[in-house]
Amino acid sequence: KGPPLAPHSRPSEATVKRLAAEAEMQQKMWDLFVPEGGIRFGDRRFWVLLSIVLGLHAANMYKDSRKPRDLGLPEGAVRRLPDGGLLVGHGAIA
């Protein structure tokens with residue numbers, strides 16, 4: 001512990017309250033997204049995580065359905081990957 005701060009170098013009361021509110025929000029977000037005790041089936045965090053995953057899956061499926069089909073693909077291939085590989089219908093990468 002160092003010497004006490006001079007009154008003019010201390011943060012104002014408004015600054016302290018703002019920082020406390022921000023720290024409280026950060027703690028709530030940490031508690032929600034970093035489940036140290038694990039996620040159980042009936043837990044609210046489970047449903048939030050499931051909703052996020054399903055939302056991202058639906059968005060990706062919609063985006064893929066709007067893309068034009070690649071006519072030069074070999075039989076059984078679903079799409080061409082960015083690195084030039086092929087995604088095959090059963091999920092394998094060729």
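Predicted model only: the values in this text are computed from it and were never measured. Heavy atoms only: backbone and side chains are in, while hydrogens, waters and symmetry mates are out.
- Residues W47 and F41 approach most closely at NE1-O, 3.5 Å, considering heavy atoms.
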For a quick test of your reading: what N or O donor-acceptor pairs under 3.5 Å do the side chains of residues 9-17 make, sequence neighbours left out?
unit_1, atom_1, unit_2, atom_2, d
S9, OG, A6, N, 3.4
S9, OG, A6, O, 2.9
R10, NE, L5, O, 3.4
R10, NH2, L5, O, 3.4
S12, OG, T15, N, 3.2
S12, OG, T15, OG1, 2.9
E13, OE2, K17, NZ, 3.2

Donor-acceptor pairs under 3.5 Å, side chain of residues 18-29 to any protein atom, not counting sequence neighbours: which ones?
unit_1, atom_1, unit_2, atom_2, d
R18, NH1, E22, OE2, 3.1
Q27, NE2, D31, OD1, 2.9

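- In this structure, the separation between CE on M61 and CG on L54 is 12.0 Å, given to the nearest 0.5 Å.
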